[in-house]
Amino acid sequence: GNSVTQMEGPVTLSEEAFLTINCTYTATGYPSLFWYVQYPGEGLQLLLKATKADDKGSNKGFEATYRKETTSFHLEKGSVQVSDSAVYFCALLGSRGGSEKLVFGKGTKLTVNP
Amino acid sequence: GAGVSQTPSNKVTEKGKYVELRCDPISGHTALYWYRQSLGQGPEFLIYFQGTGAADDSGLPNDRFFAVRPEGSVSTLKIQRTERGDSAVYLCASGVNTQYFGPGTRLTVL
(Lines give C-alpha, C1' and ligand atoms only; values in the text may rest on other atoms or scores of the structure.)
Protein backbone atom coordinates (compact mmCIF):
# COMPACT_ATOMS: atom_id res chain seq x y z
CA GLY A 1 0.00 0.00 0.00
CA ASN A 2 0.88 3.67 -0.05
CA SER A 3 3.23 4.99 2.60
CA VAL A 4 5.18 8.12 3.56
CA THR A 5 8.43 8.28 5.46
CA GLN A 6 9.63 11.60 6.76
CA MET A 7 12.63 12.74 8.73
CA GLU A 8 12.14 12.29 12.41
CA GLY A 9 12.59 15.26 14.64
CA PRO A 10 12.77 17.22 16.59
CA VAL A 11 14.68 19.75 14.52
CA THR A 12 16.05 22.86 16.24
CA LEU A 13 17.45 25.74 14.21
CA SER A 14 18.48 29.32 14.75
CA GLU A 15 16.59 32.09 13.01
CA GLU A 16 17.67 32.60 9.36
CA ALA A 17 19.09 29.08 9.09
CA PHE A 18 18.35 26.85 6.09
CA LEU A 19 15.73 24.15 6.58
CA THR A 20 15.35 20.77 4.93
CA ILE A 21 12.84 18.17 6.05
CA ASN A 22 13.15 14.96 4.07
CA CYS A 23 10.12 13.05 2.82
CA THR A 24 10.03 9.93 0.67
CA TYR A 25 7.03 7.93 -0.44
CA THR A 26 5.90 4.58 -1.78
CA ALA A 27 2.87 4.56 -4.03
CA THR A 28 1.39 2.99 -7.11
CA GLY A 29 0.43 5.19 -10.01
CA TYR A 30 0.77 8.94 -9.87
CA PRO A 31 -0.02 10.33 -6.42
CA SER A 32 -0.36 13.96 -5.38
CA LEU A 33 1.96 15.12 -2.62
CA PHE A 34 1.35 17.61 0.16
CA TRP A 35 2.97 19.34 3.08
CA TYR A 36 0.68 20.28 5.95
CA VAL A 37 1.69 22.37 8.95
CA GLN A 38 0.30 22.32 12.48
CA TYR A 39 1.13 25.41 14.53
CA PRO A 40 0.93 25.11 18.33
CA GLY A 41 -2.67 24.90 19.45
CA GLU A 42 -4.03 25.03 15.90
CA GLY A 43 -5.40 22.62 13.32
CA LEU A 44 -3.72 21.19 10.24
CA GLN A 45 -3.19 23.72 7.47
CA LEU A 46 -2.19 23.03 3.91
CA LEU A 47 1.25 24.50 3.28
CA LEU A 48 1.88 23.45 -0.32
CA LYS A 49 1.21 20.70 -2.83
CA ALA A 50 2.35 19.20 -6.11
CA THR A 51 0.25 17.00 -8.35
CA LYS A 52 2.70 15.62 -10.89
CA ALA A 53 6.35 14.84 -11.38
CA ASP A 54 8.73 17.83 -11.46
CA ASP A 55 6.05 20.17 -10.12
CA LYS A 56 7.28 22.56 -7.45
CA GLY A 57 4.92 23.62 -4.72
CA SER A 58 5.67 26.84 -2.87
CA ASN A 59 4.14 29.00 -0.16
CA LYS A 60 5.39 31.38 2.57
CA GLY A 61 8.98 30.89 1.44
CA PHE A 62 8.74 27.09 1.64
CA GLU A 63 9.32 24.94 -1.43
CA ALA A 64 9.13 21.26 -2.32
CA THR A 65 9.70 19.54 -5.67
CA TYR A 66 7.97 16.30 -6.67
CA ARG A 67 10.81 13.97 -7.69
CA LYS A 68 9.46 10.78 -9.17
CA GLU A 69 12.90 9.31 -9.86
CA THR A 70 13.80 9.44 -6.18
CA THR A 71 10.19 9.22 -4.87
CA SER A 72 10.83 12.28 -2.75
CA PHE A 73 9.16 15.55 -1.80
CA HIS A 74 11.62 17.29 0.51
CA LEU A 75 10.56 20.54 2.17
CA GLU A 76 12.99 23.45 2.10
CA LYS A 77 13.16 27.04 3.27
CA GLY A 78 16.13 29.31 2.82
CA SER A 79 15.76 31.36 6.00
CA VAL A 80 13.50 30.20 8.81
CA GLN A 81 11.78 32.47 11.30
CA VAL A 82 10.67 31.92 14.88
CA SER A 83 7.09 31.92 13.59
CA ASP A 84 7.86 28.79 11.50
CA SER A 85 8.04 26.73 14.69
CA ALA A 86 5.43 24.01 14.17
CA VAL A 87 4.98 20.35 13.29
CA TYR A 88 5.26 19.58 9.58
CA PHE A 89 3.54 16.60 7.95
CA CYS A 90 4.25 15.14 4.53
CA ALA A 91 1.24 13.43 2.96
CA LEU A 92 0.25 11.52 -0.16
CA LEU A 93 -3.05 11.24 -1.98
CA GLY A 94 -3.43 8.22 -4.20
CA SER A 95 -4.00 8.67 -7.92
CA ARG A 96 -7.47 8.95 -9.39
CA GLY A 97 -9.39 5.73 -9.31
CA GLY A 98 -7.55 4.65 -6.21
CA SER A 99 -8.10 5.47 -2.59
CA GLU A 100 -9.09 9.06 -1.85
CA LYS A 101 -7.54 9.01 1.60
CA LEU A 102 -4.47 10.97 2.60
CA VAL A 103 -1.58 8.95 3.97
CA PHE A 104 0.58 10.97 6.36
CA GLY A 105 4.10 10.72 7.68
CA LYS A 106 4.64 10.86 11.43
CA GLY A 107 5.46 14.56 11.46
CA THR A 108 8.60 16.56 12.15
CA LYS A 109 8.63 19.10 14.94
CA LEU A 110 10.59 22.24 14.11
CA THR A 111 11.70 24.74 16.72
CA VAL A 112 13.31 27.97 15.59
CA ASN A 113 15.19 29.96 18.22
CA PRO A 114 15.80 33.71 17.98
CA GLY B 1 -15.90 31.69 3.47
CA ALA B 2 -16.27 29.44 6.47
CA GLY B 3 -13.93 26.52 6.82
CA VAL B 4 -14.54 23.10 8.29
CA SER B 5 -15.94 23.26 11.80
CA GLN B 6 -16.03 20.55 14.43
CA THR B 7 -17.85 20.29 17.72
CA PRO B 8 -17.15 19.89 20.53
CA SER B 9 -13.54 21.04 20.61
CA ASN B 10 -12.92 18.91 23.67
CA LYS B 11 -14.77 15.91 25.01
CA VAL B 12 -14.00 14.07 28.22
CA THR B 13 -15.89 10.87 28.87
CA GLU B 14 -15.68 7.76 30.97
CA LYS B 15 -14.76 4.34 29.74
CA GLY B 16 -17.77 2.53 28.38
CA LYS B 17 -19.77 5.64 27.47
CA TYR B 18 -21.10 6.61 24.05
CA VAL B 19 -19.89 9.76 22.27
CA GLU B 20 -20.80 11.68 19.14
CA LEU B 21 -18.47 14.02 17.32
CA ARG B 22 -19.81 16.44 14.74
CA CYS B 23 -18.28 17.82 11.56
CA ASP B 24 -19.63 20.63 9.40
CA PRO B 25 -17.73 20.67 6.09
CA ILE B 26 -17.06 23.56 3.75
CA SER B 27 -20.31 24.44 1.99
CA GLY B 28 -20.70 22.56 -1.28
CA HIS B 29 -18.01 19.96 -0.61
CA THR B 30 -19.40 16.52 -1.39
CA ALA B 31 -16.32 14.67 -0.13
CA LEU B 32 -15.81 14.42 3.64
CA TYR B 33 -13.18 12.51 5.60
CA TRP B 34 -12.54 11.52 9.18
CA TYR B 35 -9.05 10.95 10.54
CA ARG B 36 -7.68 10.17 13.97
CA GLN B 37 -4.44 11.63 15.31
CA SER B 38 -2.76 10.08 18.31
CA LEU B 39 -0.11 11.98 20.26
CA GLY B 40 3.10 12.32 18.33
CA GLN B 41 1.72 10.67 15.20
CA GLY B 42 0.37 11.74 11.86
CA PRO B 43 -3.37 11.57 11.19
CA GLU B 44 -4.72 8.15 10.23
CA PHE B 45 -7.65 7.67 7.92
CA LEU B 46 -10.95 6.41 9.32
CA ILE B 47 -13.71 6.89 6.75
CA TYR B 48 -14.51 8.78 3.55
CA PHE B 49 -17.95 9.96 2.42
CA GLN B 50 -18.95 10.93 -1.06
CA GLY B 51 -22.31 12.61 -0.62
CA THR B 52 -24.43 10.63 1.79
CA GLY B 53 -22.69 7.31 1.36
CA ALA B 54 -19.53 5.94 2.91
CA ALA B 55 -17.27 5.28 -0.07
CA ASP B 56 -14.44 3.85 2.03
CA ASP B 57 -14.71 2.83 5.69
CA SER B 58 -11.62 0.65 5.72
CA GLY B 59 -9.94 2.75 8.42
CA LEU B 60 -12.57 2.27 11.11
CA PRO B 61 -10.76 0.23 13.77
CA ASN B 62 -13.71 -1.93 14.86
CA ASP B 63 -17.48 -2.06 14.99
CA ARG B 64 -17.66 0.35 17.94
CA PHE B 65 -16.98 3.13 15.44
CA PHE B 66 -19.67 4.32 13.07
CA ALA B 67 -20.23 7.47 11.04
CA VAL B 68 -23.20 8.95 9.20
CA ARG B 69 -23.87 11.79 6.82
CA PRO B 70 -27.62 11.58 6.20
CA GLU B 71 -28.11 14.74 4.15
CA GLY B 72 -24.72 14.93 2.48
CA SER B 73 -23.40 17.82 4.54
CA VAL B 74 -22.93 17.48 8.32
CA SER B 75 -21.38 14.22 9.49
CA THR B 76 -21.38 12.57 12.89
CA LEU B 77 -18.76 10.11 14.10
CA LYS B 78 -20.18 7.81 16.76
CA ILE B 79 -18.14 5.75 19.17
CA GLN B 80 -19.82 3.16 21.38
CA ARG B 81 -18.43 1.66 24.59
CA THR B 82 -15.44 3.99 24.55
CA GLU B 83 -12.06 2.66 25.64
CA ARG B 84 -9.00 4.53 26.94
CA GLY B 85 -7.23 3.70 23.71
CA ASP B 86 -9.80 5.78 21.81
CA SER B 87 -8.30 8.95 23.31
CA ALA B 88 -7.00 11.04 20.42
CA VAL B 89 -7.77 14.08 18.32
CA TYR B 90 -10.44 13.32 15.74
CA LEU B 91 -10.06 15.38 12.59
CA CYS B 92 -12.55 16.05 9.85
CA ALA B 93 -11.66 17.28 6.38
CA SER B 94 -13.55 18.15 3.21
CA GLY B 95 -12.51 18.70 -0.39
CA VAL B 96 -11.38 16.46 -3.24
CA ASN B 97 -8.03 17.23 -4.85
CA THR B 98 -7.07 19.13 -1.70
CA GLN B 99 -8.43 18.28 1.75
CA TYR B 100 -9.07 21.13 4.19
CA PHE B 101 -9.08 20.22 7.84
CA GLY B 102 -11.13 21.36 10.77
CA PRO B 103 -9.62 22.16 14.17
CA GLY B 104 -10.38 18.71 15.54
CA THR B 105 -12.10 17.28 18.60
CA ARG B 106 -9.83 16.17 21.40
CA LEU B 107 -11.40 13.07 22.95
CA THR B 108 -10.21 11.92 26.35
CA VAL B 109 -11.52 8.66 27.75
CA LEU B 110 -10.90 8.32 31.48
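So that the names make sense, note that chain A is the first sequence line, chain B the second, and so on, each numbered from 1.
Between the CD atom of B/Q99 and the NZ atom of A/K49 there is a distance of 10.5 Å, given to the nearest 0.5 Å.
Hydrophobic clustering places B/Y33 together with A/F104 (ILVMFWY residues linked when any side-chain heavy atoms are closer than 4.5 Å, directly or through intermediates).
Residue contact with chain A, scored on non-hydrogen atoms closer than 4.5 Å, is absent for B/I47. Neither the backbone nor the side chain of A/Q6 has a heavy atom closer than 4.5 Å to any heavy atom of chain B. When heavy atoms are compared at a cutoff of 4.5 Å, A/L44 approaches chain B by way of both its backbone and its side chain. In this structure, the portion of B/Q37 lying under 4.5 Å from any heavy atom of chain A is its side chain and not its backbone.
Looking at every heavy atom in both residues, B/T98 comes nearest to A/Y36 through CG2-OH, 4.5 Å.
The environment of CZ in B/F65 is crowded: more than 12 heavy-atom neighbours from other residues, nucleotides or ligands sit within 6.0 Å. Remark: A/E8 CD is loosely packed, at most 12 non-hydrogen atoms of other residues, nucleotides or ligands lying under 6.0 Å away. Taking a 6.0 Å sphere around CG of B/L39, one finds it holds 12 or fewer heavy atoms contributed by other residues, nucleotides or ligands. Within a 6.0 Å radius of CD in B/Q50, more than 12 heavy atoms belonging to other residues, nucleotides or ligands are found. Heavy atoms of other residues, nucleotides or ligands lying less than 6.0 angstrom from NZ of A/K68 number more than 12.
When the options B/Y35, B/F45, B/Y48 are evaluated for a side chain to side chain contact (heavy atoms under 4.5 Å, CB included) with A/L102, the one that passes is B/Y35.
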**OP:** Would you please test B/N97 and A/T51 for side-chain contact (heavy atoms from CB on, under 4.5 Å) and show each step?
**Re:** CA-CA 9 Å; B/N97 295 321; A/T51 58; over 6 Å; no
